[in-house]
Number of protein chains: 2
Amino acid sequence: MERIVRKYRGKGFKLTPQRIAILKFLEGNTNHPTAEDIYTEIKKKYPTVSFATVYNTVQALRDRGELLEITIDPERKHFDPNPSAHHHIMCTGCGKIGDVFFDYSMSLGLPEEVTREFAVTGNHIDFYGICTSCREKTS
Amino acid sequence: MERIVRKYRGKGFKLTPQRIAILKFLEGNTNHPTAEDIYTEIKKKYPTVSFATVYNTVQALRDRGELLEITIDPERKHFDPNPSAHHHIMCTGCGKIGDVFFDYSMSLGLPEEVTREFAVTGNHIDFYGICTSCREKTS
DNA sequence: TACTATAATAGAATTATTCCAAGATAGTAA
DNA sequence: TTACTATCTTGGAATAATTCTATTATAGTA
């Protein structure tokens with residue numbers, strides 16, 4: 001019995017073959033795939049899968065707090081199956097996204113004029129940079 | 001002679017009435033408008049203005065480093081005519097976006113496994129919270 | 001004043017995402 | 001094991017944001 005089936009069975013989350021394939025693809029995936037990346041991958045095994053299924057599934061996972069929607073790339077959304085609080089860095093050359101596991105919360109005090117207006121609930125840091133392979137290409 | 005005309009004339013930036021209207025609308029605007037917000041406003045005075053003109057103009061401004069594209073709202077892009085390095089906070093109730101003028105760069109050291117792969121060039125922090133008026137509504 | 005490079009326009013095209021109705025099926029209760 | 005039903009999957013249409021294109025207009029300049 002697979003880990004994924006064990007994790008989701010009987011929790012109000014219907015496990016269909018397509019969903020299992022999506023869950024397997026996402027599990028431990030640190031590539032921050034887009035909806036299209038997921039769709040393309042699942043289509044290999046389930047050629048009739050639709051974007052609706054991909055979006056439905058990531059939405060269900062997001063609602064369960066098991067997946068994050070990432071906005072660092074202005075072009076499209078990326079998804080991160082690691083829901084623990086962390087941050088991201090994107091290569092401005094090739095668009096690759098990496099994780100930044102570091103808790104900055106102690107360092108992010110806000111100016112009084114902001115806390116006067118907002119009750120702060122969270123934060124997320126986008127870092128930008130150039131990755132190793134992009135630096136090699138241009139040097 | 002208007003300030004805007006003085007600022008842009010003779011700098012390879014063609015000043016048309018529509019552009020002047022957009023520039024005036026953006027100047028000092030801290031509401032982080034969307035393309036549609038800009039379009040709707042300019043349409044009042046220039047009813048034939050098109051979205052293409054709005055997008056062309058904000059792109060030209062972005063390329064000149066005079067405007068930032070903001071990704072804090074997963075639904076759509078917002079624009080910020082203040083290009084100085086600062087951060088943003090969005091109300092998760094009503095979507096209102098506020099500015100956070102504080103330089104956190106000294107606090108944002110990155111783990112070695114990240115700097116090994118990326119030459120970091122910038123950062124931007126998205127804060128989330130609930131604004132005053134949304135708190136009043138739900139209490 | 002006239003010329004030319006650039007902008008504005010309408011509308012089509014593209015892309016990302018959501019919605020919908022019909023058929024299929026996983027999970028459950030008997 | 002069977003049968004039921006709530007939920008999922010699907011294709012395609014719909015929506016929304018953004019970009020592109022060809023044509024016309026015009027700001028800036030010479």
Side-chain angles (χ1 to χ4, degrees), chain A residues 1-2 4-25 32-64 67 69-79 95, chain B residues 1-2 4-25 32-64 67 69-79 95:
Chain A
M1 171 77 53
E2 311 174 40
I4 287 175
V5 176
R6 240 181 293 132
K7 179 172 177 188
Y8 288 97
R9 201 179 37 189
K11 304 261 176 60
F13 187 88
K14 199 159 167 179
L15 276 176
T16 61
Q18 295 87 342
R19 285 196 158 186
I20 292 173
I22 294 172
L23 292 166
K24 275 187 187 166
F25 175 63
H32 309 91
T34 63
E36 189 176 10
D37 293 335
I38 299 171
Y39 174 77
T40 302
E41 178 65 25
I42 306 310
K43 211 172 173 59
K44 290 180 189 166
K45 195 167 176 190
Y46 298 94
T48 67
V49 76
S50 70
F51 266 103
T53 297
V54 172
Y55 281 107
N56 283 343
T57 304
V58 296
Q59 256 178 45
L61 291 172
R62 174 164 38 96
D63 293 347
R64 295 165 66 90
L67 173 137
E69 226 177 67
I70 302 183
T71 62
I72 193 171
D73 176 2
E75 305 297 314
R76 57 189 61 75
K77 286 178 193 164
H78 293 250
F79 299 99
Chain B
M1 173 75 54
E2 310 175 41
I4 286 174
V5 175
R6 242 181 291 132
K7 179 172 177 189
Y8 288 96
R9 200 178 39 189
K11 305 261 176 60
F13 187 88
K14 199 159 164 177
L15 276 176
T16 62
Q18 295 87 342
R19 284 194 160 188
I20 292 173
I22 294 172
L23 292 166
K24 276 187 186 165
F25 176 64
H32 309 92
T34 63
E36 190 176 9
D37 294 334
I38 300 171
Y39 174 76
T40 302
E41 178 64 25
I42 305 310
K43 212 174 172 57
K44 290 180 190 166
K45 195 165 174 192
Y46 297 95
T48 67
V49 76
S50 69
F51 266 104
T53 296
V54 172
Y55 281 108
N56 283 343
T57 304
V58 296
Q59 256 178 45
L61 292 172
R62 173 163 40 94
D63 293 348
R64 296 165 65 88
L67 174 137
E69 227 177 67
I70 302 183
T71 61
I72 193 171
D73 176 1
E75 306 296 313
R76 58 188 61 76
K77 286 177 192 164
H78 294 249
F79 299 99

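As a basis for the values below, the full set of heavy atoms in this structure was taken, side chains included, without hydrogen atoms, waters or symmetry mates. In what follows, chains carry the letters A, B, and so on, assigned in the order in which the sequence lines appear, proteins first and then strands, with residues in each chain numbered from 1.
Between the C1' atom of C:dA8 and the OH atom of B:Tyr39 lies a distance of 13 Å, rounded to the nearest Å. We find that NZ of A:Lys7 is positioned 16 Å from P of C:dG27, with the value rounded to whole Å. A:Phe51 places its CZ atom 20 Å from the P atom of D:dA16, with the value rounded to the nearest Å. To the nearest angstrom, P of C:dA10 lies 16 Å from OH of B:Tyr55. D:dT29 atom C1' lies 21 Å from atom OH of B:Tyr8, rounded to whole Å. Between the NE2 atom of A:His78 and the P atom of C:dA16 there is a distance of 10 Å, rounded to whole Å. Atom-to-atom, CG of B:Leu15 to P of D:dG28 comes out at 5 Å; the value is rounded to the nearest Å. The distance from atom CG of B:Asp63 to atom P of C:dA7 is 11 Å, rounded to the nearest whole Å.
Across all strands shown, A:Thr48 has heavy atoms under 4.0 Å from sugar-phosphate atoms exclusively, and none from any base.
With DNA chain C read from its 5' end, the first of the two nearest nucleotides for B:Thr57 and A:Phe79 is the one closest to B:Thr57. The nearest heavy atom of DNA chain D to B:Thr16 and to B:Ala52 marks one nucleotide each, and the one closer to the 5' end goes with B:Ala52. Judged by closest nucleotide on DNA chain D, B:Glu75 is the one of B:Glu75 and B:Pro17 placed further toward the 5' end.
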Nucleotides 2-7 of chain D: protein proximity per nucleotide (B base, S sugar-phosphate only, - neither; heavy atom, under 4.0 Å): ----BB
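You'll find the side chain of A:Phe25 stays beyond 4.5 Å of the side chain of A:Lys45, heavy atoms only. Proximity of A:Ile22 to A:Tyr46: side-chain heavy atoms (C-beta onward) are nowhere separated by under 4.5 Å. Here the side chains of B:Glu69 and B:Phe79 are in contact, with some heavy-atom distance below 4.5 Å.
Side-chain atoms of A:Thr40 and A:Asp37 form no donor-acceptor pair, as typed in the model, at a separation below 3.5 Å. Remark: the A:Asn56 side chain and the A:Thr53 side chain contain no N/O donor-acceptor pair separated by less than 3.5 Å.
Side chain of B:His78 to backbone of B:His32: a donor-acceptor contact under 3.5 angstrom is found.
Between A:Gln18 and the phosphate of D:dT10, there is a side-chain N or O to OP1/OP2 separation shorter than 4.0 Å. The side chain of A:Gln59 contributes an N or O atom lying less than 4.0 Å from OP1 or OP2 of C:dT18.
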Mind listing the side-chain donor-acceptor pairs of residues 12-21 of chain A below 3.5 Å, one per line with the distance, residues two or more places apart or on another chain?
unit_1: A:Thr16; atom_1: OG1; unit_2: A:Arg19; atom_2: N; d: 3.2
unit_1: A:Arg19; atom_1: NH1; unit_2: A:Lys14; atom_2: O; d: 3.3

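Checked against C:dA26, D:dA27, C:dA16, the side chain of A:Arg76 finds its nearest nucleotide in C:dA16. The side chain of B:Ser50 lies closest to C:dT9 when the candidates are D:dG28, D:dT10, C:dT9.
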